[in-house]
Amino acid sequence: MSEIAVESFPRIRTGAKVRPVTQDAPVTRYLLIATTLVFSLTFLFAPLALVFVEAAAKGFSVFLEAFSEPDAIAAIKLTLLVAAIAVPANLVFGLAAAWSIAKFSFPGKSLLITLIDLPFSVSPVVSGLVYVLVFGAQGLFGKWLSAHGTQVIFAVPGIVLATIFVTFPFVARELIPLMQEQGTVEEEAALTLGASGFTTFVTVTLPNIKWGLLYGVLLCNARAMGEFGAVSVVSGHIRGLTNTIPLQVEILYNEYNTVAAFALSVLLASLALVTLGIKSFLEWRHADALAAGGGRH
Amino acid sequence: MTSPTLAGRHARRFKAPSVIPGFGVTFGYTLLYLGLVVLFPLATLVWRSSGLGLSGLYQIALEPRVAASLQTTFAVSFLAAGIDLFFGLIAAWTLTRYQFPGRRLLDAFVDLPFALPTAVAGISLAALYAPNGWFGAPLADLGVKIAFTRWGILVALVFIGLPFVVRTVQPIIAELETELEEASATLGASRLQTVVRVLLPPLVPALLTGFALAFARGVGEYGSVIFISGNIAYVSEIAPLLIIEKLEQYDYAGATGIATIMLAISFVALLVINLIQAWSRKRFGHV
């Protein structure tokens with residue numbers, strides 16, 4: 001192969017390897033690659049590795065013991081419960097929002113999209129605070145709620161609401177651009193051929209958006225299970241009752257129970273790794289079925 | 001020919017006619033859910049702070065501890081976004097333009113700060129840079145203290161902001177046409193001239209957007225910062241932490257005031273991002 005090339009392009013025979021003009025000099029290349037590697041080793045890999053090393057610092061049995069604590073079990077259960085409510089809620093919203101925005105044309109669309117993205121630009125702590133101002137003891141509905149014997153803040157409903165708020169845009173912002181790209185031709189064909197609206201959605205739209213939907217749900221779930229700031233404001237940190245895994249991690253860490261804190265962190269870090277794995281797989285294998293540039297949060 | 005009445009009816013319609021069903025239900029639900037979950041609570045915050053008035057907000061912002069925390073938050077976020085801008089551009093360039101073993105893995109790991117819960121990142125960074133940590137111990141020998149100082153906040157915000165720059169710049173680098181580089185080289189430009197005068201200008205809007213996103217995220221960040229910062233009043237206290245402290249002291253006005261200031265800043269950041277993108281669409285034809 002190389003012999004033939006040399007025969008047909010005699011100028012290469014001079015021995016000097018010609019570098020295409022669009023390539024950087026090897027020195028630059030190695031320098032930039034080295035910088036990237038060192039930077040990501042210190043800032044990305046080291047924090048992740050430390051979680052696993054610290055969790056295993058006192059042996060496997062101590063690591064496992066952290067999960068038999070009743071408070072830890074309660075935290076895991078609460079985290080699962082919160083995600084089980086928040087993710088489907090935002091999934092239904094994402095579908096509804098994407099359907100109305102992508103399949104129809106009406107004025108004010110870009111404003112609506114900006115408003116849907118709003119929770120991403122609000123600090124998690126502020127996200128929690130707004131719910132305290134609405135449902136807290138001194139909040140808008142505080143008196144009414146306490147008169148009716150219900151509590152939202154410092155209780156599970158507040159945690160669910162705050163989680164829904166911070167994970168609000170994930171599914172919608174993945175589906176909207178994707179469904180806009182796909183247009184309405186296929187749905188119109190199905191409807192013309194006599195399919196009902198529901199049948200059209202299930203048999204035409206859903207197969208087209210399934211990977212994008214999975215992508216959005218995945219990111220939504222990761223954030224729902226890992227949310228700290230917003231939940232921290234509304235939870236009240238009642239052990240065994242209103243502590244999610246991240247809040248339990250905080251308490252354990254502040255009590256210098258490092259191994260237990262990192263053991264619970266292993267759970268969340270593994271979730272993050274699985275999320276990144278599936279995410280990369282989807283981007284690699286189903287890139288064409290995802291919105292271009294979508295879901296980058 | 002369309003009859004004038006029909007045309008008139010079309011003009012009054014909110015949405016363009018379509019055979020696709022379900023607009024009323026999905027649009028109504030979208031507005032209702034958005035209104036209840038996002039807009040109403042945020043409006044409550046604005047309404048509560050309007051009770052304080054501008055002078056009240058000003059007073060809260062000038063409270064020495066609040067002023068110090070706001071200053072720390074903004075200054076460190078700005079610096080962190082700057083560091084992310086520099087290393088993010090290098091990382092984006094490396095990951096898009098070069099082939100090397102482990103590239104795909106590295107590319108996937110850029111999103112780690114998005115995926116890793118902030119509390120986990122927080123305690124991990126704190127342990128890394130603590131005086132007895134993997135990085136903290138050798139740095140302590142050199143007399144450098146990171147954890148429980150402002151530098152700790154910087155480390156956490158650099159971590160949290162990196163993917164914003166990389167992920168905003170990466171698609172633009174991938175789209176750069178090699179023809180332009182070739183033309184530039186053919187016309188006698190050195191590689192450095194090509195990079196600075198041909199390749200970098202179209203990246204500027206994406207870089208600015210990435211910077212603004214990283215900055216905005218840094219200003220609001222809480223979980224990854226509070227463990228490593230040590231939260232020393234007037235030194236390493238961030239504004240979000242002060243909101244929580246005010247809430248714990250039942251100082252709702254104070255908490256609302258700081259939150260309003262932070263919210264205003266995020267809106268300004270959002271506006272700046274939109275302006276950059278509008279300018280970029282006009283100037284370069286892409287976002």
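Throughout, protein chains are lettered first and strands after them, A, B, ... in sequence-line order, and every chain is numbered starting at 1. Side chains are part of it too, since the values below use all heavy atoms of this structure and drop only hydrogens, waters and symmetry mates. Owing to the predicted nature of the structure, the values given are computational and were not obtained by experimental measurement.
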## Note on the structure
Bottom line for B/L247: the part with an atom under 4.5 Å from chain A's heavy atoms is side chain

### Message
Rounded to the nearest 0.5 Å, what separates atom CD1 in B/I226 from atom CD in A/E250?
### Response
5.0 Å

#### Entry: A/F262 side chain reached by B/V120 side chain, heavy atoms, under 4.5 Å
no

### Spacing of A/T42 atom OG1 and B/W134 atom CH2 [to the nearest 0.5 Å]
12.5 Å

### Query
Among B/I265, B/L106, B/T118, which has the most heavy-atom pairs under 4.5 Å with chain A?
B/L106

#### Entry: Heavy-atom side-chain contact between B/V110 and A/S40 under 4.5 Å
no

### Query
From B/F23 CZ over to A/F106 CZ, what is the distance, rounded to the nearest 0.5 angstrom?
5.0 Å

### Query
Does the side chain of A/T36 reach to within under 4.5 Å of the side chain of B/Y98, using non-hydrogen atoms?
no

### Task
Could you list the residues that satisfy side-chain hydrogen bond (donor to acceptor under 3.5 Å, both in side chains) with A/T167, not counting sequence neighbours?
A/N90

### Message
Counting C-beta onward and ignoring hydrogens, is there a side-chain heavy-atom pair between A/L48 and B/L112 closer than 4.5 Å?
### Response
yes

### Query
Are the aromatic ring centres of A/F93 and B/Y29 under 6.0 angstrom apart?
no

### Query
Do B/Y222 and A/S123 have side-chain heavy atoms sitting under 4.5 Å apart?
no

### Query
B/E245: what forms a side-chain hydrogen bond (donor to acceptor under 3.5 Å, both in side chains) with it, not counting sequence neighbours?
B/R65

### Query
Would B/T44 and A/F135 satisfy side-chain contact (heavy atoms from CB on, under 4.5 Å), going step by step from the backbone distance to the final call?
CA-CA 11 Å; B/T44 309; A/F135 297 112; over 6 Å; no

#### Entry: B/F109 versus chain A, the contacting section by heavy-atom distance below 4.5 Å
both

### Task
Sort A/N254 into side chain, backbone, both or neither according to what part of it lies under 4.5 angstrom from a heavy atom of chain B.
side chain

### Task
State the CG-CG distance between A/L118 and B/L39, to the nearest 0.5 angstrom.
7.0 Å

### Task
Measure the shortest side-chain to side-chain distance between A/P47 and B/L128 over non-hydrogen atoms and say whether it is less than 4.5 angstrom.
yes

### Heavy-atom side-chain proximity of B/R217 to A/F120 below 4.5 angstrom
no

### Query
Is any side-chain heavy atom of A/T275 closer than 4.5 Å to a side-chain heavy atom of B/F114?
no

### Message
I'd like to know which of B/P240, B/G133, B/S224, B/A185 tops the heavy-atom pair count under 4.5 Å against chain A.
### Response
B/P240

### Query
Would the B/Y33 and A/F168 ring centres measure less than 6.0 Å apart?
yes

#### Entry: Selection from A/L95, A/L140, A/T114, A/V233 maximising heavy-atom pairs under 4.5 Å formed with chain B
A/L140

### Task
Might you confirm whether atom OH of B/Y250 has over 12 heavy atoms from other residues, nucleotides or ligands at distances under 6.0 Å?
no

### Message
Nearest 0.5 angstrom please: A/L129 CG to B/K246 NZ, how far?
### Response
12.5 Å

### Task
Please say whether more than 12 non-hydrogen atoms of neighbouring residues, nucleotides or ligands are located less than 6.0 Å from OH in A/Y30.
no

